[in-house]
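Below is one structure, written out as structure tokens; the observations come after it.
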Amino acid sequence: MKKKILYAVALLAGTLTFSSCQLDEYNPTGGDANIENFDAWSGLEVYCYSPLAEQLYTVYDFLSVAEGGTDMWLTSGGAPDYAMQPIYYEGLTTNTNATNKLFKQAYSCIGSCNAVIHNADKVQGGTESAIATLTAEAKTLRAFYNLILVTYYGAVTLSDNEPDDADVNPKRNTVEEFYTSIITDLTEAAAVLDVQPYQGNYGRVCKKTALGLLARAYAQGAGEGLTENGVSYWQRAKEVAEDIINNAASYNVYLYPDVADVWAEANNRNNPEALFIVSGRDANDDSYNYVNCNNNLLIYTICNPYKISDLYQHAEASNYYLGQVNTNCFAPSQYTINVFDPSWDKRYENTFMTAFANFSVVDDGLIPYSKVRVQIKNSTIKKYGMGSQYANQYIYPYLDITRNTNSYSGYTQYMCKGIWPKGETSGDQSTLITDVKNPFVIDYPVDVDDNRFAIVLSKDYKTAEEKEQSIYFTVNIDDLFDGDQYKTAPFDDTNSYQLYPSLIKYDWLYDGVQGSSMQRRNGDMMVMRTAEIYLIAAEACQQLGETATAAKYLQVLRDRAARPGTTAPTLTTVDENTIFDEYAREMAGEFNRWALLKRHRAIGERLKLYNSRAAQYFNEDIHYCRPISSDFLEQIDNSDEYGDNGYGTTPGKGY
């Protein structure tokens with residue numbers, strides 16, 4: 001049964017922009033005279049990857065949809081209404097930019113995937129193995145895009161058509177039909193794909209990708225009450241996840257024994273824990289073939305300490321450490337902060353930066369060490385509640401940066417040369433600590449006399465007297481909140497209300513990662529990693545009543561997160577909230593929170609507990625599906641029949 005949709009129009013509407021497609025023999029927006037030529041056919045298959053790095057995993061839109069509107073994320077005090085539609089459901093409608101774009105991006109290459117799959121048996125040239133592998137890749141990608149669509153938009157259109165075969169009267173499929181198609185594609189792909197990616201290019205999907213997505217799809221479909229041959233999708237999710245875990249070596253699946261290594265900069269390219277990677281620019285040869293990759297997620301997730309400019313010396317435009325962090329809107333909720341217990345769990349500082357420091361660039365004399373030291377004056381002590389015993393002393397840089405003006409990337413690169421040791425004030429580079437896994441990870445807790453930090457956001461509440469023990473400006477994270485939302489005006493006669501614990505998973509500082517401006521950090525993005533398989537296994541077991549087994553899988557993740565000298569608390573019971581909490585600790589900001597809460601039908605309940613602004617606007621009858629794209633509805637003839645998922649621009653929901 002074929003279902004058609006307006007792919008050509010979606011592409012022409014500006015869904016994607018390509019800088020160097022290099023598919024001279026095949027135009028994916030129409031015309032397929034040369035599709036039987038292997039080079040053209042395989043070039044089209046490369047094009048099927050294009051939405052991943054072009055938009056989905058490099059700009060704010062998908063992040064705001066996939067993580068926003070949940071218990072975990074708010075807008076910051078300095079930007080309280082930024083993208084409030086996906087974050088709070090406030091004014092969310094069919095022309096909301098983020099949801100409108102996601103709909104088109106998910107559909108943009110399904111037609112190309114279909115063309116690759118349909119024409120595989122006609123291709124001339126290329127080996128039988130190569131054709132089979134690339135076809136299986138296309139099935140994996142088609143399943144991935146379809147899973148986005150059914151997760152976020154519900155019962156929309158399941159297409160088997162090619163790009164130039166548009167239909168202005170599309171029909172909806174059922175949710176069950178979507179999942180049946182997704183499961184079929186992934187099962188067939190997993191049976192064909194090799195353990196190693198095609199031509200050794202880690203930016204391509206392989207066997208572990210298909211299996212990982214299969215586990216994810218079963219879990220998501222389980223939330224819809226689906227079964228397969230009378231067996232619950234939860235059972236199927238458990239079986240697939242356990243197969244991956246129990247046969248990890250044979251699938252080339254790896255779980256770091258230390259969670260800090262997951263986020264170590266040396267492991268960003270081709271991370272062995274990744275099951276599915278969106279490769280950053282220059283990471284592999286194909287990256288230039290299909291994508292204008294400019295990842296700017298950091299500008300949204302990291303606050304701007306320059307708002308405290310008399311302590312923090314680096315203006316946002318020339319911040320070679322944090323980057324040009326000039327949007328500053330995506331901030332964690334109190335729940336997200338409180339779910340961590342950093343006394344043992346180092347996932348806290350590997351997820352959030354809460355201590356902000358100046359930096360030097362001693363090489364070439366660009367920013368001398370002595371230039372960025374900040375003297376603590378009596379006026380500074382009075383303004384920021386710092387200890388009077390530190391009067392006339394200095395706050396020194398935390399790290400030293402070196403630059404490469406001849407990087408292979410074509411752009412000047414700024415890299416961490418090392419961390420200045422605590423107590424060292426000479427500026428002698430020979431003292432630098434160079435064995436640094438991640439320069440954005442600040443060990444918890446920060447000592448009160450650590451003169452390398454200007455501002456520290458404290459999870460533990462400090463009294464005024466306790467703040468006076470510190471050489472730095474201490475801000476209680478709890479004081480940033482009014483109820484469960486961030487304050488939007490000064491409360492302590494400073495600009496501290498514009499600060500927040502900052503998600504650092506998408507900021508990097510190594511050679512080759514920086515793009516055309518300080519807003520760009522083109523590192524690899526992990527769409528899925530092994531830790532999620534353990535979480536899915538635990539989640540499925542909990543839903544099946546196997547709580548002891550669920551605890552076993554969660555404990556693996558907790559144990560590897562325990563900081564030296566501590567032991568992760570042993571789980572004695574696992575309920576649904578335990579699952580939610582462990583997902584929050586492990587996967588914060590990794591594009592899965594909304595989907596997780598949807599499949600448990602828990603969004604509304606969690607918003608009432610942790611995000612009152614979103615709860616005020618959340619409608620249980622509507623908001624478990626995002627709105628259909630207004631661009632799409634305007635370009636079909638049956639928009640009234642198709643519906644907009646209940647957002648009021650068409651007579652009905654359409655499903």
Side-chain angles (χ1 to χ4, degrees), residues 61-62 64-75 81 83-103 106 146-158 170-179 219-227 233 333 335 484-485 543 576-577 580 592-634 636 638-655:
D61 302 299
F62 187 27
S64 70
V65 174
E67 292 282 319
T70 70
D71 52 356
M72 286 192 68
W73 303 101
L74 310 171
T75 53
D81 294 328
M84 63 185 181
Q85 297 89 347
I87 301 296
Y88 297 119
Y89 306 93
E90 191 172 347
L92 180 62
T93 188
T94 57
N95 65 2
T96 295
N97 187 57
T99 52
N100 190 9
K101 286 176 65 176
L102 177 61
F103 185 91
N146 276 327
L147 184 56
I148 287 178
L149 287 167
V150 72
T151 297
Y152 294 99
Y153 300 95
V156 286
T157 300
L158 183 65
K171 305 299 180 185
R172 289 182 183 247
N173 288 82
T174 66
V175 168
E176 185 173 10
E177 286 172 331
F178 257 93
Y179 279 99
Q220 200 65 40
E224 303 288 347
L226 298 179
T227 61
Y233 266 33
S333 67
Y335 162 75
D484 63 7
Q485 302 295 306
Q543 288 290 305
E576 193 173 56
N577 286 328
F580 293 159
N592 70 11
R593 190 65 177 184
W594 195 89
L596 170 69
L597 296 185
K598 175 182 177 174
R599 64 179 177 253
H600 289 267
R601 203 75 180 181
I603 296 177
E605 173 190 350
R606 302 285 292 187
L607 294 179
K608 290 176 184 177
L609 293 171
Y610 304 114
N611 188 347
S612 60
R613 182 174 174 183
Q616 179 182 353
Y617 295 97
F618 183 79
N619 185 329
E620 292 276 350
D621 295 328
I622 297 172
H623 289 134
Y624 277 102
C625 288
R626 300 300 202 176
I628 301 299
S629 160
S630 61
D631 291 344
F632 167 78
L633 292 172
E634 290 170 1
I636 61 175
N638 64 333
S639 59
D640 284 354
E641 174 192 353
Y642 199 90
D644 67 356
N645 282 353
Y647 285 82
T649 65
T650 61
K653 291 182 179 181
Y655 63 88

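We use all heavy atoms of the structure for the numbers below, so side chains are in, but hydrogens, waters and symmetry mates are not.
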Short side-chain donor-acceptor distance under 3.5 Å, Asn611 and Gln485: yes
Keeping to residues at least two apart or across chains, list the side-chain hydrogen bond (donor to acceptor under 3.5 Å, both in side chains) pairs with something in residues 615-628. Glu90-Tyr617
Between Tyr152 and Thr99, is there a side-chain heavy-atom distance shorter than 4.5 Å? no
Taking Ser64 for the side chain and Asp61 for the main chain, is one N or O donor matched with an acceptor at less than 3.5 Å? yes
So do the side chains of Asp484 and Ser333 get within less than 4.5 Å of each other, counting heavy atoms only? no
Does some side-chain heavy atom of Tyr642 sit less than 4.5 Å from a side-chain heavy atom of Thr157? yes
Please determine if Arg613 forms a cation-pi arrangement with Tyr89, meaning its NZ or CZ atom is less than 6.0 Å from the six-membered ring centre and no more than 45° off the ring axis. no
Rounded to the nearest 0.5 Å, what's the gap from CD1 on Ile628 to CD1 on Ile636? Could you check? 9.0 Å
Flag the pair Arg606 / Tyr335 as yes when at least one side-chain heavy-atom distance between them is below 4.5 Å, and no otherwise. yes
Side chains of Thr70 and Ile603, heavy atoms from C-beta outward: is any pair under 4.5 Å? no
Should Glu641 and Lys171 count as an ion pair when the cut-off is N to O under 4.0 Å? yes
Distance check, rounded to the nearest 0.5 Å: Phe103 atom CZ versus Phe632 atom CZ? 5.0 Å
Do the rings of Tyr179 and Tyr233 sit parallel, tilted or perpendicular, given the 30° and 60° boundaries? perpendicular
Residue pair Asp644 / Thr94, side-chain donor-acceptor N/O under 3.5 Å: no
Do the non-hydrogen side-chain atoms of Leu158 and Arg172 ever get within less than 4.5 Å of each other? no
Apply side chain to side chain contact (heavy atoms under 4.5 Å, CB included) to residues Phe580 and Leu597 and explain how you reach the verdict. CA-CA 8 Å; Phe580 293 159; Leu597 296 185; 4.0 Å; yes
So, does Thr96 use its side chain to make a donor-acceptor pair with the main chain of Leu92 at under 3.5 Å? no
Using a 3.5 Å distance criterion without hydrogens, assess whether the side chain of Asn645 forms a donor-acceptor pair with backbone atoms of Ile622. no
Can you tell me how far the CG atom of Asn95 sits from the CG atom of Leu633, to the nearest 0.5 Å? 10.5 Å
Using only heavy-atom distances, determine whether the side chains of Tyr88 and Thr75 contain a donor-acceptor pair under 3.5 Å. yes
Measure the spacing between NZ of Lys598 and SG of Cys625 and express it to the nearest 0.5 Å. 4.5 Å
Between the CE atom in Met72 and the OH atom in Tyr610, the distance rounded to the nearest 0.5 Å is 12.0 Å
Distance-only, no hydrogens or angles: does the Glu67 side chain make a donor-acceptor pair with backbone N or O of Trp594 under 3.5 Å? no
Is there a side-chain contact between Glu224 and Arg599 in this structure, where contact means two heavy atoms from C-beta onward sitting under 4.5 Å apart? no
